[in-house]
Amino acid sequence: MRIEVIEFVYRTLEAYHLAGNVTGTVLDVGAIDINGTVRDQFKLRGWKYTGFDCEPGKGVDFVGDATRLLDHSRFPDRRHLYRRSAGYS
């Protein structure tokens, strides 16, 4: 994962916290950890973080077809943040 992504997420979380928002939920689409993740930055701040991908692997909590993501009853229809920073694999 590029250092610029890690720094951006850190700055965004700090700004979110300073605005009075302490925690939230994240759905990371394409969550498989190939070369690093920002998952720990969210979890350390108390966020609920769910990784979703089309194949099992490190960082993936649920496997499925992203085109049918909203059909999955296990995901609430509201999230504070949907995360996707890179999708080349």
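This is a predicted model, so every value here is computed, not measured. FYI, the numbering just counts along the sequence from 1.
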**Message:** Which label fits Phe42 and Tyr49: parallel for a plane angle under 30°, tilted from 30 to 60°, or perpendicular past 60°?
**Reply:** tilted
**Fill in**
dist Thr37:OG1 -> Asp28:CG (nearest 0.5 Å) comes out at 6.0 Å
**Note, Val38 side chain near Ile6 side chain (heavy atom, < 4.5 Å)** = yes
**Item:** side chain to side chain contact (heavy atoms under 4.5 Å, CB included) between Asp61 and Phe52, intermediate numbers included
**Value:** CA-CA 6 Å; Asp61 300 304; Phe52 183 90; over 6 Å; no
**Request:** Determine, using the 4.5 Å side-chain heavy-atom cutoff (strictly less than), whether Val26 and Tyr10 are members of one ILVMFWY cluster.
**Result:** no
**Prompt:** Does Asp53 use its side chain to pair, donor to acceptor, with the backbone of Ile32 at less than 3.5 Å?
**Reply:** yes
**Complete:** Taking every heavy atom of Gly51 against every heavy atom of Ala31, the minimum-distance pair comes out as CA-CB, 3.3 Å
**Message:** Would Arg2 and Glu7 count as a salt bridge (Lys or Arg N to Asp or Glu O under 4.0 Å) here? Give the steps.
**Reply:** CA-CA 9 Å; Arg2 294 178 58 108; Glu7 290 172 347; over 6 Å; no
**Asked** At what distance, to the nearest 0.5 angstrom, does CG of Leu13 lie from CZ of Arg11?
**Response** 11.5 Å
**Request:** Let me see the working for Arg39 and Lys58 under side chain to side chain contact (heavy atoms under 4.5 Å, CB included), right down to the final yes or no.
**Result:** CA-CA 11 Å; Arg39 176 180 216 139; Lys58 184 178 176 186; over 6 Å; no
**Any side-chain heavy-atom pair of Val60 and Glu55 under 4.5 Å** = no
